[in-house]
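Notes for the one structure printed next.
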Amino acid sequence: DAGITQSPRHKVTETGTPVTLRCHQTENHRYMYWYRQDPGHGLRLIHYSYGVKDTDKGEVSDGYSVSRSKTEDFLLTLESATSSQTSVYFCAISGQGTLDGYGYTFGSGTRLTVV
Amino acid sequence: DQQVKQNSPSLSVQEGRISILNCDYTNSMFDYFLWYKKYPAEGPTFLISISSIKDKNEDGRFTVFLNKSAKHLSLHIVPSQPGDSAVYFCAASETGNQFYFGTGTSLTVIP
């Protein structure tokens, strides 16, 4: 699916436990992003990366951390999961923007339920 | 605050007719705009884009119109087909990399 995979696809976890979601790309794209999708909110940016070990916060970064030690992998960690973090998480990638080529390619999503 | 707004949560259209999906934004610095289509249990897929140097971009049955002074863009699908039934998201960015998304409009095309 355009060289981007997310794992796991589904996860149920308990409140207070740490959780790590993985995004893996084979496109050698510089930019990687984590979004969450919630009813009534659309897609909201959590964190993004513009290179190895270069990351920045998005709109809804509280309670989340990220790491990017290799170009191909971008990890999202919920340090202590809460029920408000129940959501569908999407990873996206993009290369250097061009007039017709900018925009993201999304992964298939991870459905996370915190109980 | 939502910087990109899609005020119609849903839209129903007869097959063969035109679908018009609307999107408004608040940040006048946005220069790049995208439309994505999403089916259930799948990631969003890129549909069409436009930058602020244009006011229209066309790709087959899909046309995006941009009115920068009104901070408004719209997606026209003509003719609409049942396979177009999906949730449509608009997105906007200053730089072409970090995009802000709207809340989505669920389009149903009735055969």
Side-chain angles (χ1 to χ4, degrees), chain A residues 1-7 9-10 21 23-25 27 29-51 54-61 87-111, chain B residues 1-10 21 23-27 30-54 57-59 62 64 66 73 75 86-106:
Chain A
D1 195 359
I4 176 172
T5 55
Q6 293 183 231
S7 58
R9 290 296 311 275
H10 301 273
L21 309 183
C23 179
H24 178 79
Q25 61 145 331
E27 304 295 318
H29 280 337
R30 177 181 175 189
Y31 294 88
M32 299 185 76
Y33 308 81
W34 278 106
Y35 278 85
R36 59 178 288 175
Q37 185 194 5
D38 303 289
H41 291 280
L43 290 148
R44 292 180 293 173
L45 181 65
I46 305 171
H47 281 279
Y48 65 100
S49 169
Y50 45 95
D54 290 324
T55 65
D56 207 348
K57 296 179 179 181
E59 303 171 73
V60 290
S61 60
S87 186
V88 181
Y89 291 86
F90 288 101
C91 177
I93 60 175
S94 72
Q96 294 288 352
T98 66
L99 191 60
D100 294 315
Y102 54 77
Y104 302 153
T105 299
F106 280 90
S108 299
T110 295
R111 182 172 293 277
Chain B
D1 277 348
Q2 196 81 21
Q3 296 195 55
V4 179
K5 299 177 184 179
Q6 294 176 256
N7 293 318
S8 297
S10 62
L21 295 92
C23 180
D24 296 293
Y25 60 95
T26 57
N27 187 343
F30 287 151
D31 278 332
Y32 302 93
F33 305 89
L34 308 173
W35 283 94
Y36 278 83
K37 176 179 178 179
K38 185 182 182 305
Y39 293 117
E42 296 183 10
T45 54
F46 172 72
L47 198 55
I48 194 168
S49 64
I50 192 167
S51 69
S52 60
I53 63 172
K54 295 183 177 180
N57 190 26
E58 201 169 345
D59 184 2
F62 301 91
V64 56
L66 175 63
L73 67 156
L75 175 69
V87 177
Y88 290 78
F89 292 98
C90 64
S93 171
E94 291 184 39
T95 62
N97 276 304
Q98 185 178 353
F99 279 87
Y100 294 87
F101 284 77
T103 52
T105 296
S106 178

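Below, read A as the first sequence line, B as the second, and so on, with proteins coming before strands; counting in each chain starts at 1.
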Parallel, tilted or perpendicular: which describes the rings of A/Phe106 and B/Tyr36, with under 30° parallel and over 60° perpendicular?
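Answer is perpendicular, since the angle exceeds 60°.
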Measuring heavy-atom distances to chain A, does B/Ala41 have an atom under 4.5 Å in its side chain, in its backbone, in both, or in neither?
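Contact with chain A is through the backbone of B/Ala41 alone.
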Is it the side chain or the backbone of B/Gln2 that comes within 4.5 Å of chain A heavy atoms, both, or neither?
side chain
Can you say whether [X] sits under 4.5 Å from chain B via the side chain, the backbone, both, or neither, judging by heavy atoms?
{"X": "A/Glu59", "result": "side chain"}
{"X": "A/Arg44", "result": "neither"}
{"X": "A/Tyr35", "result": "side chain"}

Under the salt bridge (Lys or Arg N to Asp or Glu O under 4.0 Å) rule, collect the residues that match up with A/Asp54, sequence neighbours excluded.
none
Check whether the ring centres of A/Tyr104 and B/Phe46 lie less than 6.0 Å apart, and answer yes or no.
no
Contacts of B/Gln98 that satisfy side chain to side chain contact (heavy atoms under 4.5 Å, CB included) - sequence neighbours left out:
A/Leu45, A/Tyr48, B/Tyr100
What are the two closest heavy atoms between A/Leu43 and B/Pro44, and how far apart are they?
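That closest heavy-atom pairing would be CD1-CG, 4.1 Å.
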